[in-house]
Amino acid sequence: MKLHHALLLLPIVGLVCLSAKANGEPGRPPNVILFLVDDMGWTDGGVFGSEYYETPNIDAFAKQAMRFTNAYAHPLCSPSRASILTGQEESRHGILSAHGHQEPEPWGAQVYQAATPTDEYLLTKSRRYLDPDATTLAEAFLGAGYRTAHMGKWHLGLTQEHWPDQHGFEVTFHSAPDPGPPGSTYFSPHGVHADGEPGAARRVGNIVDGPEGEHIDDRLGTEAIKYITEHKDEPVYLNLWMYDCHGPWEAKQDLIQKFARKESEPDGHTNPVYAAMLKTMDDNFGRVMTALDELGIADNTIVVFFSDNGGNTHSMSASEQKRKMANPKSKTYGYTKIYNDYAGLQYPTKNLGLRDGKGSLYEGGERVPLMVRWPEHIPAGSVSETIVNNIDLYPTLLELTGQAEPENHVIDGKSFAKVLTEGVEATDQTSVSYFPYHGGGISVRDGDWKFIRRYTRKPDSYDGLVELFNLKDDLAESKNLAAEMPEKVAELDQFIKTHFERTGGLPPKLNPDFQPRTTTSVGSRIPTHGLVPKQCELESIDGGIRVIAQGKNPFLGTAQVKLDGPITLRLQARGVDGKSGTGRVQWRTQKQTEFPATGQTVDFEVPESTTWQDITVQVPVEGRSQLLRLYVPATDGLDIRSIRWKAQDGKPVQWDFSTDAR
C-alpha cells in the first residue's frame, strides 16, 4: 500500500461506518462488485432490445436495478479501464489506446508520437500502463478498510510492476499480456506461467489451468464466488472483469449450435457465436448474483454492470478469416473454421440503431450498457436518461459508501449518486472521449448534442474535421450539422480547449512539417504522397520508410493507381529487423462502390532477411482499379524502399523512398 493511502485509513473508516448507520445498514458498509463486460454493445441483451441474444440473468437484474440509457465509455478497452480506476479523463491519465499489453516505456511528461509530412496534426503518444502514483478506486477502498480483489482482464500494464496487485488489489486472478483471454483461448489449458517475463510467446500470471476444456469465464465465476464466500463478513470491493465478448471468437459448441437453430431477423442480431459468448457471460453473472442471495448479503451489496466499450462491428472480415485459416495446423484455424461454419462472414455483433462500433467515436463505439443495483437504496426497475461516463463511477461509488475523496488525487468525474438514490435526473453531466488515432479525435456529448473534432482527414468515412449531430433527432448520426451551426461548433470547440487546459493533457497540434496534398501528381509531391496509412505509422529510415503496425490490419491505401488489370506489383522491401511475414493486396474497381466481402485479395510472402528483397505480386484485377490497399505484416510491420504498380498497357505508378523518405 502506498504511504499516502495508508494515512487515509482511520478517518475514512469512520466516514464509512457513519454512512452505514445513517442508511440503516447492518453494522458494516456495503460491498461493491464492479462487473465489467468486454466489448458488449448497447443493444446486446434482452433488456437492451435484442430479440436474438439470450441474457435472462441480466434481464432479471435490470428489474432490480437502475438502467442508464445514456452511459458512455471510451471506444477502446485500456483507456476505459484506466478511467474507471482513476476517475480521470483520458487526456489526464494519458492512456489513449489499447496499449496495455505492450512493452512499458519510461514514465514522463506526455509527448507527441512520430509523424510524417503527410500528417496534418501531431498526435499525443499513448501511455502503456496506469500511473504508478495514481490513487486507484481499489486503493481508496483498501484505505477505507475494505478487502479488495481483481479477477479477469486487466490490460493496464504488461509487466509485474504495473499489475493490479501494485494498485491496491490484495487478491488477483489474471495473466499478461491480456488483450483477450489468457493464452488467446477461452478454454483450458491456457499455458500461463507463474513467473518470467510476459510477452507474445509467454503468458505470465496466477491463472492456473482447470480441467481440460473449462471456460475461463466459468472459472472467473467460481473464483469470484469463492472469494465473496470467504469474506462474506467483511466489506469487499471486487473487480470482476470478464473476458467475454472479446476475440478470439470462440464459444461453447453446444451453445453455438443452439443459437444456430434459432430463427433470427436479418435486420437484427444474427451471430450464433457471439450469442453463445454472451450467454456464457450472462450465466456467470447469474451465478454470482445467486451466491449473493444465498450468502444473505445481496441487500448490502452495490453491483455495477458495465461494458468497457461498444460492440465489435469490424472483426472476422472475409480477409481476416482467410488469413486465420491459411494454415490448417495453426492455433487460429479451428475456432475460425467453426465461426465461418456457423456465422459466415458477418461481424461479431450489430449496434442496432447506432453508427459504427468499437474503436469509433460514433455512438456505436461509445454508448454502452450500464446498470446499478443496491436494494432499498436504488429504485428497482428504474431507468435514467442522465448522461454518465466511466470516470463518474469513481466519485459515485465513494459517495454511496460514505468515503471522502482521496488526498493528492484529482478526480474528473462527477458523482451521480443522487441520481441513483433520489431519482433526480442530472442535466449538467457531459461525456468526453479522447482517441486521436486511426481517424479518431475527441468527442463531446453535451445534452442532445454530439460533437466530434478530428485530426486526420478521411473523406471516405466522414466529412472534414468537424462533425455535429443532434442525437435527439438523429441517433444514428447521419446528418452532420456543423456547417449549418457554426456558433455551436465554436462553443464546443472552446469546450475542448478548456478540457485540455483543465486536465493538463497534451492536445494535438498542427504539424509544422505538414505538406498538403494540393495536386494529384505523385511525382511532384513528397515521396509518400498518395499513400494513406491506416492502422499504421510511417517512419523515415535510411534508404526507405518503415511501416509500423498500430492495429490488427495495417495497410497503405491509395487512389492514385488507376490501371486496367491485371496489374503487377513490384516491391523492394524487407521485414523489420529482418523478420519474415505475410502481406496482401486488396483492390476495388471503378465499377464497385465498396470492397467486396470476399475475394479480391492476394497474399505475398516477405522472406526472412536484413537486406532489401525484390517481391513481385500478380494482382488479378478485372477492370480498371479504383482503390488499392497494401497490407503489411501486422506483427512487425515492413520496411519499404520502393513500390511500383504496372499494367500491361499504360505508364507505371511508383513511389521511391530510397533517397528521401520523409
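Judged by the 6.0 Å distance and 45° axis criteria, Arg454 is positioned over the aromatic ring of Tyr462.
If you take OG1 on Thr386 and CZ on Phe68, they are separated by 6.5 Å, rounding to the nearest 0.5 Å. Atoms NE2 and OG1, from His269 and Thr349 in turn, are 4.0 Å apart once rounded to the nearest 0.5 Å. Taken to the nearest 0.5 Å, the CD1 atom of Ile58 stands 3.5 Å off from the CE atom of Met281. The structure places CG of Asp412 at 8.5 Å from OG of Ser83, a figure rounded to the nearest 0.5 Å. Atom-to-atom distance recorded for Arg367:CZ and Trp42:CH2 is 5.0 Å, nearest 0.5 angstrom. Expressed to the nearest 0.5 Å, how far CG of Leu393 lies from CG of Leu137 amounts to 8.0 Å.
Contact between Asn284 and Gly221 at its shortest, heavy atoms only, is OD1-CA, 3.9 Å. The two residues Tyr186 and Cys245 make their nearest non-hydrogen contact at OH-C, 4.1 Å. Counting all heavy atoms, side chain and backbone alike, Phe469 lies closest to Lys479 at CD2-O, 3.2 Å. Considering every non-hydrogen atom in both Ala549 and Pro633, the closest pair reads CB-O, 4.4 Å. Nearest heavy-atom pair, Leu122 versus Ala115, reported as atom, atom and distance to 0.1 Å: CD2-CB, 3.6 Å. Between Gln535 and Lys552, the shortest heavy-atom distance links the atoms OE1-N, 3.1 Å.
Within a 6.0 Å radius of CD in Glu263, no more than 12 heavy atoms belonging to other residues, nucleotides or ligands are found. Counting heavy-atom neighbours within 6.0 Å of Lys125 NZ, excluding the residue itself, gives a total of 12 or less. Summarising the local packing, NZ of Lys509 is surrounded by 12 or fewer heavy atoms from other residues, nucleotides or ligands at distances under 6.0 Å. In Glu51, the CD atom is not crowded: 12 or fewer heavy atoms of neighbouring residues, nucleotides or ligands sit closer than 6.0 Å.
The main-chain N or O of Arg502 is found under 3.5 Å from a side-chain atom of Arg92 such that the two form a donor-acceptor pair. Asp356 places no side-chain N or O within 3.5 Å of a backbone atom of Ser360 that could act as its donor or acceptor partner. Checked by atom type and distance alone, the side chain of Gln321 pairs as donor or acceptor with a backbone atom of Met316 at under 3.5 Å. The closest donor-acceptor contact from the side chain of Ser264 to the backbone of Thr270 lies at 3.5 Å or more, if one exists at all. No donor-acceptor distance shorter than 3.5 angstrom exists from the side chain of Thr55 to the backbone of Asp282, with no hydrogens or angles considered. At least one donor-acceptor pair under 3.5 Å links the side chain of Asn70 to the backbone N or O of Glu385. In this structure, Thr124 contributes its side chain and Pro507 its backbone to no donor-acceptor pair below 3.5 Å. Panel note: side chain Ser50, backbone Gly46; no donor-acceptor pair is recorded below 3.5 Å. Side chain of His150 to main chain of Gly152: a donor-acceptor pair is present (N/O by atom type, distance under 3.5 Å, no hydrogens or angles). Here the side chain of Asn271 pairs a donor or acceptor atom with the backbone of Tyr274 at under 3.5 angstrom.
In the model, Ser97 has no side-chain atom that pairs as donor or acceptor with a side-chain atom of Ser126 under 3.5 Å. Using modelled atom types and a 3.5 Å distance limit, the side chains of Tyr631 and Gln586 yield a donor-acceptor pair. For Asp392 and Thr396, the side-chain atoms include no donor-acceptor pair closer than 3.5 Å. In this structure, a donor-acceptor pair under 3.5 Å is present between the side chains of Ser319 and Arg584. Between the side chains of Tyr72 and Gln429, no donor-acceptor pair of N or O atoms lies under 3.5 Å. In summary, the side chains of Glu366 and Ser433 do present a donor paired with an acceptor at a separation below 3.5 Å, with no hydrogens or angles considered.
Phe435 and Tyr437 have perpendicular rings, their planes meeting at more than 60° on a 0 to 90° scale where under 30° would count as parallel. Between Trp241 and Trp154, the angle of the ring planes stays under 30°, which puts this pair in the parallel group of the 30/60° scheme. Between Phe285 and Phe305, the ring planes are perpendicular. Angles over 60° get that label, and only those under 30° would be called parallel.
Within the 4.5 Å cutoff, the side chain of Val47 has heavy atoms near those of the Arg67 side chain. Proximity of Leu628 to Leu556: side-chain heavy atoms (C-beta onward) are nowhere separated by under 4.5 Å. With a 4.5 Å cut-off on side-chain heavy atoms, Phe35 and Ser307 do not count as touching.
Ion pairing of Glu320 with Arg323 is absent here, as no side-chain N (NZ or NE/NH1/NH2) approaches a carboxylate O to less than 4.0 Å. With respect to the salt-bridge test (charged N to carboxylate O, under 4.0 angstrom), the residues Asp218 and Lys252 qualify. Taking a cutoff of 4.0 Å between a charged side-chain nitrogen and a carboxylate oxygen, Asp39 and Lys358 qualify as a salt bridge. For Lys337 and Asp341, the salt-bridge test passes: some basic side-chain N is under 4.0 Å from an acidic carboxylate O. Under the 4.0 Å criterion applied to side-chain N and carboxylate O atoms, Lys350 and Asp267 are not assigned as salt-bridge partners. The existence of a salt bridge linking Asp493 and Lys497 is excluded, since no basic side-chain nitrogen approaches an acidic carboxylate oxygen closer than 4.0 Å.
Annotation: His215 is in aromatic contact with Phe187 [ring centroid separation under 6.0 Å]. A distance of 6.0 Å or more separates the ring centres of Tyr53 and Phe259.
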Open item on the list: I'd like to know whether Ser78 forms a side chain to side chain donor-acceptor pair (under 3.5 Å) with His155, so could you lay out the CA-CA distance, the side-chain angles of the two residues, the decisive distance to 0.1 Å, and finally the verdict.
Closed with: CA-CA 6 Å; Ser78 295; His155 211 195; 3.3 Å; yes
- [ ] Mind running side chain to side chain donor-acceptor pair (under 3.5 Å) on Arg81 and Asn239 for me, showing each step along the way?
- [x] CA-CA 11 Å; Arg81 293 161 191 266; Asn239 266 7; over 6 Å; no
Open item on the list: Go through it in stages, so that I can follow the logic: the residues are Glu54 and Lys262, the test is salt bridge (charged side-chain N to carboxylate O under 4.0 Å, His left out), and I'd like the CA-CA distance, side-chain angles, deciding distance and then a yes or no.
Closed with: CA-CA 11 Å; Glu54 296 178 10; Lys262 185 175 181 178; 2.9 Å; yes
Task: Step-by-step ring pair (Phe, Tyr, Trp, His ring centres under 6.0 Å) determination, Tyr434 to Phe500 - done: CA-CA 10 Å; Tyr434 181 36; Phe500 281 112; 5.1 Å; yes
- [ ] Evaluate side chain to side chain donor-acceptor pair (under 3.5 Å) for Thr280 paired with Asp283, printing each intermediate quantity in order.
- [x] CA-CA 5 Å; Thr280 295; Asp283 288 344; 5.1 Å; no
TODO: Output, in order, the C-alpha distance, side-chain angles, deciding distance and verdict of side chain to side chain donor-acceptor pair (under 3.5 Å) for Glu265 and Tyr52.
DONE: CA-CA 8 Å; Glu265 297 295 331; Tyr52 179 72; over 6 Å; no
Open item on the list: Checking Ile387 against Thr430 for the side chain to side chain contact (heavy atoms under 4.5 Å, CB included) test, could you report, in this order, the C-alpha distance in whole Å, the side-chain angles of both residues, the deciding distance, and whether it holds?
Closed with: CA-CA 6 Å; Ile387 298 170; Thr430 59; 5.7 Å; no
Task: Worked check of salt bridge (charged side-chain N to carboxylate O under 4.0 Å, His left out) between Glu594 and Arg588 - done: CA-CA 7 Å; Glu594 58 185 9; Arg588 197 187 95 191; over 6 Å; no
